[in-house]
A.B. asks: 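One structure, pasted below without further comment.
In what follows, chains carry the letters A, B, and so on, assigned in the order in which the sequence lines appear, proteins first and then strands, with residues in each chain numbered from 1.
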Amino acid sequence: KNQVEQSPQSLIILEGKNCTLQCNYTVSPFSNLRWYKQDTGRGPVSLTIMTFSENTKSNGRYTATLDADTKQSSLHITASQLSDSASYICVVPTPNTDKLIFGTGTRLQVFP
Amino acid sequence: DAMVIQNPRYQVTQFGKPVTLSCSQTLNHNVMYWYQQKSSQAPKLLFHYYDKDFNNEADTPDNFQSRRPNTSFCFLDIRSPGLGDAAMYLCATSIDRGANQPQHFGDGTRLSIL
């Protein structure tokens, strides 16, 4: 069964600290993996899209890694800011369709 | 500037009273999607348009309909909203179909049912 699982479900950190969010997927065949940031009451915004051949991709303070062998991805946030408080969603397209499989997200709260 | 625009941002309707949510895009993308997202849950695809071709998900209730009068606009009609339809409704677009196409989301319309 095609699934995307994320951990932790929620995370609280202090401003300025780093954190890492995890995503495991069982989708096959694999095409790409996407990380989205969703602020409360807003739509998801794309952070990165990683294909099979990419191991690491950065977008500012966000760095995503992908291990296609173990079917794991991580999103590392460096020097967190209050504005990083949001849900982070890992998304993998199902093969041969237009459907996206969404993880249930990690809710990150950054406190001063 | 917002490229996928949803109006209104908040909508309140009465139980059983038809309601229409709208989505417009300035990206000239071929594909437009409607998702339902309930609190603390992942978005659930309701249907999508590839150009004028309507593609309904098998488990989308008949109560939900959609119209796409032109490339830029897509509407979600809920014919008889029930309490369980209270949710955030997200519109998304992609330039084409396929697993490699990124989707661009609007900020959603939060629907409340009285």
Side-chain angles (χ1 to χ4, degrees), chain A residues 2-11 23-25 27-54 57 59 64 66 68 86-109, chain B residues 2-10 21 23 25 27 29-51 53-60 87-112:
Chain A
N2 292 320
Q3 284 186 314
V4 177
E5 297 181 343
Q6 293 186 244
S7 62
Q9 186 174 4
S10 61
L11 183 62
C23 174
N24 297 332
Y25 62 93
V27 181
S28 182
F30 176 79
S31 171
N32 61 78
L33 182 145
R34 312 166 188 196
W35 283 97
Y36 283 89
K37 177 187 178 188
Q38 186 172 23
D39 292 314
T40 301
R42 308 294 293 271
V45 174
S46 179
L47 295 175
T48 64
I49 299 177
M50 300 186 73
T51 60
F52 184 88
S53 60
E54 294 175 303
K57 200 167 206 178
N59 178 3
L66 175 66
S87 289
Y88 291 84
I89 307 173
C90 179
V91 182
V92 180
T94 53
N96 304 319
T97 74
D98 296 296
K99 293 187 69 170
L100 302 178
I101 301 177
F102 291 82
T104 51
T106 292
R107 178 159 179 77
L108 175 66
Q109 293 178 279
Chain B
M3 295 175 286
V4 182
I5 303 162
Q6 293 190 241
N7 284 305
R9 291 292 315 281
Y10 301 92
L21 310 182
C23 176
Q25 54 133 339
L27 298 164
H29 282 177
N30 287 320
V31 193
M32 295 186 77
Y33 307 82
W34 278 105
Y35 290 87
Q36 180 192 65
Q37 186 178 26
K38 296 189 175 181
S39 181
S40 300
Q41 295 184 20
K44 177 181 180 296
L45 182 64
L46 296 173
F47 27 59
H48 76 274
Y49 271 96
Y50 177 67
D51 196 12
D53 293 333
F54 178 69
N55 297 269
N56 197 29
E57 293 300 304
D59 56 354
T60 298
M88 172 79 88
Y89 290 88
L90 294 166
C91 175
T93 72
S94 63
I95 193 166
D96 205 345
R97 290 195 291 200
N100 291 326
Q101 301 300 324
Q103 292 188 18
H104 303 265
F105 288 84
D107 277 335
T109 294
R110 180 164 295 282
L111 178 67
S112 299

A.B. asks: Who among Asn55(B), Asn100(B), Leu45(B), Leu90(B) has the most heavy-atom pairs with chain A under 4.5 Å?
C.D. replies: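 Most heavy-atom pairs within the cutoff with chain A belong to Asn100(B).
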
A.B. asks: For Gln37(B) versus Gln38(A), what's the shortest heavy-atom pair and its separation?
C.D. replies: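 Scanning both residues completely, I find the closest heavy atoms to be OE1-NE2, 2.9 Å.
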
A.B. asks: For the CZ atom on Phe54(B), are there more than 12 heavy atoms of other groups (residues, nucleotides or ligands in this structure) within a distance under 6.0 Å?
C.D. replies: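 For Phe54(B), atom CZ is crowded (more than 12 foreign heavy atoms under 6.0 Å).
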
A.B. asks: Who wins among Gln9(A), Lys99(A), Arg107(A), Arg42(A) for the most heavy-atom pairs under 4.5 Å with chain B?
C.D. replies: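 Answer, by heavy-atom pair count under 4.5 Å with chain B: Arg42(A).
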
A.B. asks: Under 4.5 Å between any side-chain heavy atoms of Gln103(B) and Leu100(A), yes or no?
C.D. replies: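 Side-chain contact under 4.5 Å: yes.
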
A.B. asks: Above 12 or not: heavy atoms from other molecules or residues under 6.0 Å from CD1 of Ile95(B)?
C.D. replies: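 Check fails, neighbour count at 12 or below.
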
A.B. asks: At a heavy-atom separation under 4.5 Å, does Thr94(A) approach chain B through its side chain, its backbone, both, or neither?
C.D. replies: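 For Thr94(A), backbone heavy atoms alone lie under 4.5 Å from chain B.
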
A.B. asks: Name the member of Pro93(A), Pro44(A), Gly103(A) that forms the most heavy-atom pairs with chain B at distances under 4.5 Å.
C.D. replies: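 Result: the option with the highest number of such pairs is Pro44(A).
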
A.B. asks: For Tyr33(B), is it the side chain, the backbone, both, or neither that has a heavy atom closer than 4.5 Å to a heavy atom of chain A?
C.D. replies: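 For Tyr33(B), the contact with chain A is made by the side chain alone.
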
A.B. asks: Please classify the contact between Tyr35(B) and chain A as side chain, backbone, both or neither, with a heavy-atom cut-off of under 4.5 Å.
C.D. replies: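 Side chain of Tyr35(B) only, per the 4.5 Å heavy-atom cut-off to chain A.
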
A.B. asks: Tell me, out of Arg110(B), His104(B), Glu57(B), Gln41(B), who's got the most heavy-atom pairs with chain A below 4.5 Å.
C.D. replies: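 Ranked by contacts with chain A, first place is Glu57(B).
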
